[in-house]
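Below is one structure, written out as structure tokens; comments come after it.
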2 protein chains.
Amino acid sequence: MIRVAILGYGNIGKAAEQAIHAAPDMELAGIYHHDDCLECIAADAVLLCTPTREVPKFAAIMAAKGICTVDSFDIHGQIYGLREQLTPLTKANQTVSIISAGWDPGTDSMVRALLLAMAPKGITYTNFGPGRSMGHSVAAKAIEGVKNALSMTIPLGTGVHRRMVYIELEDGADFKTVEAKLLKDDYFAHDETHVIAVESVDALNNVAHGVHLERSGVSGETHNQRFEFNMTINNPALTGQVMVSCARAAVRMKARGEYGAKTMIELRPIDMLPGETEELIKSIV
Amino acid sequence: MIRVAILGYGNIGKAAEQAIHAAPDMELAGIYHHDDCLECIAADAVLLCTPTREVPKFAAIMAAKGICTVDSFDIHGQIYGLREQLTPLTKANQTVSIISAGWDPGTDSMVRALLLAMAPKGITYTNFGPGRSMGHSVAAKAIEGVKNALSMTIPLGTGVHRRMVYIELEDGADFKTVEAKLLKDDYFAHDETHVIAVESVDALNNVAHGVHLERSGVSGETHNQRFEFNMTINNPALTGQVMVSCARAAVRMKARGEYGAKTMIELRPIDMLPGETEELIKSIV
């Protein structure tokens, strides 16, 4: 049995707990909070279900202990930097960190890589939503004066999105000041963003999300090769499940001596699945 | 530059040639026919674009020479057996064989594995077509009395398919005898199959194909997670391209000492793509 611990017990931590219980080859090694004794964690892998900006710190602590980690770090422009930071640490301590393991970045990244292998020339559009972005909601909530926030992602086609950000203000906070700060945040600065003050964010909350990923490309010299990947999902449930599947891959990679920090496009799909190679090949390939 | 040779010059061999020319990191190391001097092949990888039933023989010859191979062996029930046959040979000769590298088996297999990692419980349906099955057409053409054949795959939903087999008879061949033989062939015995005699198979030919792969499943304890992967493609162009992308992966795996015979669910998506890890992660993940 693979012993998996959870650090951080919000939406994703709770979903990951359910995915660990549902896995035939895993057992829960404990649920930890940010201020718990991290030195006390004993597990084969730890799922870092913390806010994304705290991931680098906790990933480094766990790597130093030689424990595998999985995170869903979702700041696209900083993923390679995180990998670079964790690579020497994980190699020195003979362990594996799987970074940015969710659905985007994550499984969508694997689909994008696969479509590039199938039709190297062309354009891929990743259209998200409508749905709540957890990363953006947490980022909005972190703005001074914001009591609670919900950031909805609205697909405008060809990979362009609108952000509808519903905020509940702290008592005495000034809407215009909060709005200006939010619009400058790196999470929101690059998209059309609307900020709306509401009485209750809870009344709007719904963790449904979706993606419509499409590519029209060229295989060899043949044009008009068309592909699409669609999903409509419960967002934290999928993220928690993908992290758990990646924990399995991390433990297997560590057992083979393939140490390092890896993104999901560097994983073998079979490593994420329970069971033996023979059965998996016979049932899936 | 990766030097890639082609063995077999039918539809797939010709498409593979175009994909090699389009690849920024490859050069064509020669095009060979079944009766050429196979001992003369000098290449980093050989694409086995032969009829599927000849793949095991040629893969074994190349493995013994220490040359990487990629094939699109498509008899689902015999894939694991081929892997078992080639594993000791490839390991002994420190080389890599990627088997069943097309779109199904192949990239569809990778999507199925990915969907299992995202929602471990549930049902995946792979619906093919409408389109010509190259494997089935070759199998039909191999029946005694058949001059030319086209086998169309018609999706009936929930992974059930009809085979519409258009055959041009040899002079003097008896339709009923040919039909009976064809219906007993392992390629056709498990599906609803209709055999139709036509004047000209060429007049019907069209290499368009498609897939509609769908899964409704459970992530953790959350049901109603819905996924679909669709494509409409030129079949040999995609198969040739996937084989070429897999040749790149094979050569990289060999360089890392990861010898053996592998299916596509055992490949890292990034290994199929040209370019450096850093650029690929920054642009795809």
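First the proteins, then the strands, lettered A, B, ... as listed; each starts at 1.
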So which part of [X] gets closer than 4.5 Å to some heavy atom of chain B, the side chain, the backbone, both or neither?
X	result
A:Glu258	side chain
A:Thr232	both
A:Ile20	neither
A:Asp104	side chain

Quick one: pull up [atom1] in [X] and [atom2] in [Y] and give me the separation to the nearest 0.5 Å.
X	Y	atom1	atom2	result
A:Leu116	B:Gln241	CG	CD	10.0 Å
A:Arg83	B:Glu278	CZ	CD	9.0 Å
A:Ile281	B:Leu82	CD1	CG	10.5 Å
B:Leu238	A:Phe227	CG	CZ	5.0 Å
A:Asn235	B:Thr222	CG	OG1	11.0 Å
B:Leu280	A:Glu266	CG	CD	9.5 Å

When you compare the side chain of [Y] with that of [X], does any pair of heavy atoms fall below 4.5 Å?
X	Y	answer
A:Val242	B:Met118	yes
A:His76	B:Val285	no
B:Leu114	A:Val111	yes
A:Gln225	B:Asn234	yes
B:Asn230	A:Asn230	yes

Based on non-hydrogen pairs under 4.5 Å, which of [options] is most in contact with chain A?
options	answer
B:Glu214, B:Glu221, B:Glu84	B:Glu221
B:Leu213, B:Asn224, B:Ile284	B:Ile284
B:Ile265, B:Ile270, B:Ile233, B:Leu273	B:Ile265
B:Met272, B:Arg112, B:Glu228	B:Glu228

Measuring heavy-atom distances to chain A, does B:Leu115 have an atom under 4.5 Å in its side chain, in its backbone, in both, or in neither?
-> side chain
